[in-house]
Engineer: 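Okay, here's the structure, questions in a sec.
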Amino acid sequence: MQKKAKTQRLIWLDVMITLTALELMAVFGYGARALLLAVVCMAVSLVAELVSLRMMKRRFTADDLSCISDGLLIALMMPAVIDFRIPAIACLVAVIIAKNIFGGRHNMIFSPVAVAYIFVLTSWGKELLSYSQPYSRIDLMSESAELVHSASYTLNTTGILSASDFEILMGNLAGPMGGMCILLLAVSAVVLLFRRDISFGAFTGVIAGTVIMCIICPLSGDAMQSLKYVLSTNMVLFASVYIISDTRIAPERNYLAFFYGLFIAFASYVVLITTGQENVMIIMSVLFTPVALGMKNLEKRIADADAHVQEEASQPSDGEEIAPVQEAQPEEQTADEITETAIAEISAIAEGGLTEEEELSEEENADETCENVELKTEDPCVTSEELMDVEETETSFDEYEEENSEYSAEDTAEVFEEEPEVNGNEE
């Protein structure tokens, strides 16, 4: 659990670094107002997170700092001249309604940033889609500036984008503060993919779907020119990196995430060429929430099936029994063989021809011999000296039998004849 929490915090840190680079580019282009707008959004998101967690009786942890990155994302999706109250309300909607009402960070259904953007689009669409000239300095508290349509609007309605490749790479186009610098977005995508902070399958699915649709139905000129214009407008690259490829939303398995991103790209392109709606990919990311939930449910079923198969493989079948492992038993020896072995070992020890290791092994063998040999003594285990005494006793007994075995027949008869007399006398 601790390792997983650490991973989430590192992901948040990497995302914040890339967003900070985009914010610095916005400050360079639009002045201090862009910085103040970002500070307002992050502060409102943090306060909303603290209050909502307090009402839910939950403790604020470092993992809940993702609300700050969500606030910064909302600021980068806004025009620099927008009223501060509009992005502040958007942050409240993102944190309280789109996130914590559905269970907080443990139960993310859709991107809070995308929901907040759609809310602002439906409520203040004119203010949201009116932009100042690119790289035009705006006063800190002033909202009066020359407003123009975005480059996305021009491309969607006319199919022509009068901008050089250098202007497209550097973001010298009218549009959201953080969604127009294509070069910086491309670098951020590479870094986050290399760090595995975003879903590789979802990102490649969006890019692959956009490429396929530009080949099938070019929006402007040939396929390459159409691809260049589509990726640089309508926040396609911005949404594919920070919204669709969000690991909290996209499926975990890359092949499922690929199809998730692919479907969003197909639907977004169709709506784009038919209606001309700006930034339609953000809207599609919310509408395709059931697809993401269905794929996550499929992932859970696949994981349960794999676990069930492994459990069955580890258990024996009905007709099989696991045979117990039997240890190899030493061969049994007869009493005579054990006696001869013991006598030979004792003789060798008496002669002193064994080393210390051999003596130890011999002592162990002698102990085993004492356990196996059944001697005619009260003690089942005898020492070497006692065994030598037993041998001498057996030898003397044999000599005694040889000496007394030479009885004569006459002596034997006399003994038997004397017995009746004794018996008679007793009678």
Side-chain angles (χ1 to χ4, degrees), residues 22-38 40-41 73-90 113 116-185 219-221 225-239 268 271-283:
L22 292 172
E23 178 61 28
L24 292 176
M25 193 69 182
V27 172
F28 174 77
Y30 299 101
R33 185 177 175 83
L35 179 61
L36 181 60
L37 184 61
V40 169
C41 290
L73 277 170
I74 292 174
L76 292 172
M77 297 167 68
M78 300 291 164
V81 295
I82 196 169
D83 188 359
F84 289 112
R85 291 172 292 183
I86 296 176
I89 295 173
V113 176
Y117 184 85
I118 294 174
F119 174 78
V120 175
L121 181 63
T122 56
S123 302
W124 298 280
K126 183 178 179 180
E127 290 81 357
L128 181 63
L129 300 178
S130 298
Y131 304 94
S132 61
Q133 292 289 344
Y135 293 100
S136 59
R137 294 281 177 163
I138 303 172
D139 294 339
L140 188 62
M141 302 302 297
S142 176
E143 299 176 6
S144 59
E146 183 182 354
L147 302 180
V148 296
H149 290 292
S150 65
S152 304
Y153 177 83
T154 304
L155 178 66
N156 297 347
T157 55
T158 63
I160 300 172
L161 187 62
S162 57
S164 62
D165 294 342
F166 180 78
E167 290 176 340
I168 292 174
L169 288 175
M170 300 305 297
N172 192 13
L173 301 171
M177 293 190 301
M180 304 308 295
C181 186
I182 303 304
L183 179 61
L184 197 54
L185 286 172
L219 182 63
S220 174
Q225 184 178 2
S226 178
L227 178 63
K228 179 179 65 175
Y229 290 160
V230 170
L231 290 178
S232 58
T233 58
N234 291 293
M235 285 201 291
V236 171
L237 197 56
F238 184 90
S268 300
V271 175
L272 174 63
I273 61 177
T274 54
T275 65
Q277 177 64 46
E278 295 182 51
N279 309 322
V280 66
M281 189 166 286
I282 299 175
I283 302 173

Engineer: Strictly distance-based, threshold 3.5 Å: is any side-chain N or O of Thr233 a donor or acceptor partner for the main-chain N or O of Ser152?
Structural biologist: no
Engineer: Assess whether side chain to side chain contact (heavy atoms under 4.5 Å, CB included) is satisfied between His149 and Thr157, documenting all intermediate values.
Structural biologist: CA-CA 11 Å; His149 290 292; Thr157 55; over 6 Å; no
Engineer: Please step through side chain to side chain contact (heavy atoms under 4.5 Å, CB included) for the pair Val120 and Ile86, ending with a clear verdict.
Structural biologist: CA-CA 7 Å; Val120 175; Ile86 296 176; 3.5 Å; yes
Engineer: What closest approach, in Å, do Asn156 and Gln277 show between heavy atoms, and which atom pair accounts for it?
Structural biologist: ND2-O, 3.5 Å
Engineer: Output the distance between atom CG (Leu173) and atom SG (Cys181), rounded to the nearest 0.5 Å.
Structural biologist: 10.0 Å
Engineer: Compare every heavy atom of Glu278 with every heavy atom of Asn234, then report the nearest pair and how far apart it is.
Structural biologist: OD1-CA, 3.5 Å
Engineer: I need the minimum non-hydrogen distance between Ala239 and Ile282, along with the two atoms involved.
Structural biologist: CB-CG1, 4.1 Å
Engineer: Look up atom CZ in Phe238 and atom CG in Leu73, then write down how far apart they are to the nearest 0.5 Å.
Structural biologist: 5.0 Å
Engineer: Rounded at 0.5 Å granularity, tell me how far CG in Asp83 sits from CG in Leu128.
Structural biologist: 12.5 Å
Engineer: Working to the nearest 0.5 angstrom, can you tell me the gap between Leu272 CG and Leu155 CG?
Structural biologist: 7.0 Å
Engineer: Answer whether the closest heavy-atom distance between the side chains of Lys228 and Asp165 falls below 4.5 Å.
Structural biologist: yes
Engineer: Locate the shortest heavy-atom distance separating Pro134 from Tyr30; write the atom from each residue and the value.
Structural biologist: CA-OH, 4.0 Å
Engineer: Kindly indicate, with the supporting measurements, whether the criterion side chain to side chain contact (heavy atoms under 4.5 Å, CB included) is fulfilled by Arg33 and Phe84.
Structural biologist: CA-CA 10 Å; Arg33 185 177 175 83; Phe84 289 112; 3.4 Å; yes
Engineer: When you compare the side chain of Leu37 with that of Pro87, does any pair of heavy atoms fall below 4.5 Å?
Structural biologist: yes
Engineer: Would Trp124 and Ile82 satisfy side chain to side chain contact (heavy atoms under 4.5 Å, CB included), going step by step from the backbone distance to the final call?
Structural biologist: CA-CA 10 Å; Trp124 298 280; Ile82 196 169; over 6 Å; no
Engineer: Working to the nearest 0.5 Å, report the span between OH of Tyr131 and CE of Met180.
Structural biologist: 8.5 Å
Engineer: Is Leu185 close to Leu22 at the side-chain level, that is, under 4.5 Å between some pair of heavy atoms?
Structural biologist: yes
Engineer: Which value, rounded to the nearest 0.5 Å, describes the distance between Leu36 atom CG and Cys41 atom SG?
Structural biologist: 9.5 Å
Engineer: Identify the two heavy atoms, one from Pro79 and one from Glu127, that lie closest to each other, and give their separation to 0.1 Å.
Structural biologist: CG-O, 3.6 Å
Engineer: Which atoms form the tightest heavy-atom contact between Met177 and Ala75, and what is the distance?
Structural biologist: CE-O, 3.0 Å
